[in-house]
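Below: one structure, written as structure tokens.
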Amino acid sequence: MLQVVQQLDAQLQAAMAAAFPTVVASGQPLDPQLVPASRPEFGDLQANAALALARPLGQKPRAIAEAIVAQLLQDQAFTALCLPPEIAGPGFINLTLRPERLAAEVQARLGDPRLGVPETAAPATVIVDFSSPNIAKEMHVGHLRSTIIGDCLARVLEFRGNRVLRLNHVGDWGTQFGMLITHLKQVAPEALTTADSVDLGDLVAFYREAKQRFDSDGAFQATAREEVVRLQGGDADSLRAWGLLCDQSRREFQQIYDRLDIRLNERGESFYNPLLPAVVADLRSAGLLVEDDGAQVVFLEGVSGKDGRPMPLIVQKSDGGFNYATTDLAAIRHRLDADGAGRVIYVTDAGQASHFAAVFQVARRAGWIGDDHRIDHVPFGLVQGDDGKKLKTRSGDTVRLKDLLDEAVERATADLQRRLTDEGRHEDEAFITQVATTVGLAAVKYADLSTNRITNYQFSFDRMLALTGNTAPYLLYAVVRIAGIARRGGDLAATAGPALSFSEPQEWALIRELLRFDTVVVEVEHELLPNRLCSYLFELSQSFNRFYDQVPVLKADDPARSSRLALCRLTADTLRLGLSLLGIPTLERM
RNA sequence: GGGGCUGUAGCUCAGCCGGAUAGAGCGACGGUUUCCUAAACCGUAGGUCGUGGGUUCGAGUCCCGCCAGCCCCGCCA
């Protein structure tokens with residue numbers, strides 16, 4: 001429908017220009033204000049331009065609408081596309097597409113693997129920075145949203161024809177390694193020389209102990225700082241210990257990524273280490289650097305701190321070390337220059353908004369971000385428990401991502417087994433494992449993606465695994481129903497056949513829903529809001545379920561039968577493609 | 001103190017560039033199965049869009065004030 005809407009928009013503009021040449025002469029832009037109809041009885045689309053033009057033209061909106069419509073009716077391309085427009089209410093122009101044009105659009109999509117979604121006219125290298133767990137810690141629920149949302153955005157951008165680089169900016173450098181290595185030297189030295197001599201769970205415990213000592217023990221703190229200096233200075237023993245810790249964490253992360261089908265290139269903080277001195281040097285030569293309390297800082301414009309003074313962004317600590325702001329600045333430069341990125345997207349929690357605003361401002365003032373670059377922080381809210389507070393285990397610990405995924409699959413397994421028992425069905429273990437794994441993981445992903453990412457998100461196994469409502473199981477079930485039709489003799493692969501012929505309102509409702517897909521995907525790309533795609537897929541599933549419930553497919557006679565099979569096929573293709581953009585695989589049976 | 005985000009039905013949430021009577025889902029209540037998987041479908045009830053102003057032909061949406069919740073604010077990331 002993207003193309004159709006474009007055509008209509010152009011036709012409306014031409015009609016407006018013909019009806020009101022004085023406005024054109026005055027240089028004012030003529031926006032038809034073409035939007036989807038607010039209610040089905042108003043047709044497919046509505047143009048609201050007449051209301052806005054009433055004031056400047058000094059005419060009644062309905063009269064303006066009538067003049068535009070009179071011009072439209074002169075346009076043969078328009079009358080071939082739409083039924084005669086209706087003017088309603090204060091001056092809305094309601095447009096209804098001709099059914100045969102809708103059918104032709106359906107036909108055109110049947111053989112189209114992109115389902116009408118165009119490749120972007122201006123493909124760019126886009127970097128999506130997401131997930132970003134910390135070495136020597138386990139992935140926890142806090143990494144869930146970044147990982148799932150980032151992966152979805154990367155998939156959408158890729159599908160639109162961009163070259164996407166998925167970067168995992170893991171926390172693999174800095175103060176925490178000094179304290180961890182120092183602590184391990186004293187309590188478990190073998191962990192620093194022998195691979196896998198302690199498992200990750202132990203490492204996490206050691207990390208906690210190290211952090212505690214660092215915060216309370218001055219002598220330990222000093223030793224830890226020396227250790228950081230040794231590491232950053234390239235000391236061989238320190239580097240070997242650090243490498244072992246990284247390898248071990250990396251393998252653990254990869255297990256999660258494999259389960260969730262997420263591809264990522266690791267490029268952690270350490271990668272930028274050699275580039276840090278140049279960042280500070282170049283900020284100095286750009287005249288932005290100021291020494292304050294012994295630290296090298298850039299004072300921010302338009303941001304004031306507690307005392308009313310401008311806020312500084314520290315890029316070099318008073319001890320000479322660099323911090324995450326320095327790393328992020330180095331990363332921006334490297335991504336724009338070495339990677340040639342036109343666009344960089346950071347998928348991190350909303351709490352980092354001011355940090356990124358500061359870093360972007362400094363990079364811009366230093367001239368590193370050009371006018372043709374687009375750098376976005378894509379923030380998201382906290383994951384909360386049922387109580388509305390930050391999600392924790394009963395004992396008060398952060399929830400491990402692995403445990404969360406396990407529980408989702410366990411619950412899906414229990415649901416499925418209960419259902420099999422109730423229905424007297426018998427399925428083998430492989431089927432149960434496959435279905436429960438797919439449903440459980442899909443539920444976790446979908447629940448996260450389906451709310452607007454900016455708001456906090458209330459995590460609930462019961463809600464996400466519900467078989468009804470806006471959930472992954474509901475969408476997966478729609479696909480399964482179509483697969484069932486195919487098994488019972490419906491040939492979904494046939495592309496040729498009698499001309500498509502539709503008669504039922506449920507068919508037309510489904511068609512209109514199907515044809516929105518291209519618009520929605522492009523919108524998600526622009527707004528970076530996956531929940532728009534989720535809403536669409538849910539509404540599509542609802543339209544399909546109504547159609548399935550009320551209109552027979554296999555029992556109908558041709559041409560209705562083959563036309564309805566075509567709708568089934570296009571629905572399944574749209575759901576599969578849409579879900580794949582969310583990172584969710586589908587099932588044939590469940 | 002400064003800044004950010006949020007506030008819409010009992011609960012969880014949509015609401016696009018400001019457009020017609022504010023929408024879903026869950027839960028509640030009532031119905032539908034000799035028919036392609038009822039993991040479905042149909043219906044009913046449920047709203048002062050936090051609050052007070054302003055802009056506009058028109059405001060849940062834009063601007064200002066206030067209230068509430070969460071988050072951030074110099075050498076952690």
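What you are looking at is a predicted structure, and each value in this text was computed from that prediction instead of being measured. Residue numbers start from 1 in every chain, and the chains themselves are labelled A, B, ... in the order their sequence lines are given, proteins ahead of strands.
A salt bridge is absent between A/D448 and A/R453; no separation between the charged side-chain nitrogens and carboxylate oxygens falls under 4.0 Å. Under a 4.0 Å N-O distance rule, the pair A/R418/A/D415 qualifies as a salt bridge. Between A/E427 and A/R425, at least one side-chain nitrogen of the basic residue sits less than 4.0 Å from a carboxylate oxygen of the acidic one, meeting the salt-bridge criterion.
Because its glycosidic torsion is within 90° of 0, B/rC17 is reported here as syn.
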Using a 4.0 Å heavy-atom cut-off, write out nucleotides 2-14 of chain B from 5' to 3' as B (base contacted by protein), S (sugar-phosphate only) or - (no contact).
S--S------SSS
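No side-chain heavy atom of A/R488 sits less than 4.5 Å from a side-chain heavy atom of A/I485. Residues A/M1 and A/F517 are not in side-chain contact: their nearest non-hydrogen atoms beyond the backbone lie 4.5 Å or more apart.
Rounded to whole Å, atom P of B/rA59 lies 13 Å from atom CG of A/L51. Between A/Q542 atom CD and B/rC41 atom P the separation is 7 Å, expressed in whole Å. A straight line from CG of A/L537 to P of B/rG25 spans 16 Å, rounded to a whole angstrom. Distance CG (A/D31) to P (B/rG19): 13 Å, rounded to an integer number of Å. In this structure, A/F177 atom CZ and B/rC76 atom C1' are separated by 13 Å, rounded to whole Å. Rounded to whole angstrom, the span from the NE2 atom of A/H377 across to the C1' atom of B/rC72 amounts to 12 Å. The nearest whole Å value for the distance from the CG atom in A/L45 to the P atom in B/rA20 is 15 Å. The CZ atom of A/F538 sits 10 Å away from the C1' atom of B/rC26 (whole-angstrom rounding).
Interface residues of residues 293-301 of chain A facing RNA chain B, ordered by number: A/D293, A/A295; criterion, heavy-atom separation under 4.0 Å.
Between A/Y272 and A/H169, the distance from one ring center to the other falls under 6.0 angstrom.
Base contact: A/A52 has a heavy atom under 4.0 Å from a base atom. A/V480 comes within contact range of at least one nucleobase, with a heavy-atom separation under 4.0 Å. Within the 4.0 angstrom heavy-atom criterion, no nucleotide atom of any strand lies near A/V359. Heavy atoms of A/A88 sit under 4.0 angstrom from at least one base atom. The residue A/P473 sits apart from the nucleic acid: no heavy atom pair falls under 4.0 Å. A/G484 comes within 4.0 angstrom of sugar-phosphate atoms only, judged by non-hydrogen atoms across all strands, and of no base.
The gap from the P atom of B/rG27 to that of B/rC41 amounts to 13 Å, rounded to the nearest Å. Between B/rC5 and B/rG65, the two P atoms lie 14 Å apart (nearest whole Å). Spacing of P atoms, B/rC73 relative to B/rC26, comes out at 41 Å, to the nearest Å. Nucleotides B/rC17 and B/rU21 have their C1' atoms positioned 22 Å apart, rounded to a whole Å. B/rC11 and B/rU51 have their P atoms separated by 15 Å, given to the nearest Å. Taking atom P in both B/rU48 and B/rG23, the straight-line distance is 15 Å, to the nearest Å. Nucleotides B/rG50 and B/rC70 have their C1' atoms positioned 15 Å apart, rounded to a whole Å. B/rC64 sits 44 Å from B/rA28 when the P atoms are compared, rounded to a whole Å.
The base of B/rA20 lies close enough to the side chain of A/Q46 for a donor and an acceptor atom to sit less than 3.5 Å apart. Between the side chain of A/S38 and the base of B/rA20 there is at least one donor-acceptor pair of N/O atoms closer than 3.5 Å. One can find a donor-acceptor pair under 3.5 Å joining the base of B/rA20 and the side-chain atoms of A/N94.
Side-chain N/O atoms of A/R39 include one lying less than 4.0 angstrom from OP1 or OP2 on B/rG23. OP1 or OP2 of B/rA38 sits under 4.0 Å from a side-chain N or O of A/R481. For B/rG69, neither phosphate oxygen OP1 nor OP2 lies less than 4.0 angstrom from any side-chain nitrogen or oxygen of A/K389. Taking only side-chain nitrogens and oxygens, A/Y474 comes nearer than 4.0 Å to OP1 or OP2 of B/rC41. Residue A/T468 places at least one side-chain N or O under 4.0 Å from the OP1 or OP2 atom of B/rC26.
Of the possible donor and acceptor atoms, none in the side chain of A/Q296 sits under 3.5 Å from a partner among the backbone N and O of A/V280. Panel note: side chain A/D518, backbone A/L2; a donor-acceptor pair is recorded below 3.5 Å. With hydrogens and angles disregarded, no donor-acceptor distance shorter than 3.5 Å links the side chain of A/D293 to the backbone of A/A295.
When the nearest nucleotides of RNA chain B are assigned to A/A325 and A/Q550 by heavy-atom distance, the more 5′-ward of the two goes with A/Q550. Toward the 5′ end of RNA chain B lies the nearest nucleotide of A/N48, the other residue of the pair A/N48 and A/V439 mapping further downstream.
Distance from the side chain of A/K317 is smallest to B/rC75 among B/rC75, B/rC36, B/rA39. Here the nucleotide nearest the side chain of A/Q33, chosen from B/rG19, B/rA39, B/rC75, is B/rG19. The side chain of A/R488 lies closest to B/rC36 when the candidates are B/rA39, B/rC76, B/rC36.
Using Watson-Crick or G-U wobble geometry with both donor-acceptor distances under 3.5 Å, B/rC70 finds its partner in B/rG4. Pair check for B/rG23 finds B/rC13; Watson-Crick or G-U wobble, both atom distances under 3.5 Å. Both distances falling under 3.5 Å, in either a Watson-Crick or a G-U wobble arrangement, place B/rU44 opposite B/rA28. Nucleotide B/rC36 has no partner under the Watson-Crick or G-U criteria, as no pair reaches both atom distances under 3.5 Å.
By the 30° and 60° cut-offs, the orientation of the rings of A/F214 relative to A/F220 is perpendicular. In this pair, A/Y457 and A/F459 present their aromatic rings perpendicular. The plane angle is above 60°, beyond the 30 to 60° band. Using bins of under 30°, 30° to 60° and over 60° for the plane-to-plane angle, the ring pair A/Y346/A/F360 lands in the tilted bin.
Other residues, nucleotides and ligands place no more than 12 heavy atoms under 6.0 Å from the NZ atom of A/K60.
For A/F42 and B/rA20, the ring-to-base geometry satisfies the stacking test (centroid distance below 5.5 Å, interplanar angle below 30°).
In this model, no donor atom of one side chain and acceptor atom of the other lie less than 3.5 Å apart for A/Q352 and A/H377.
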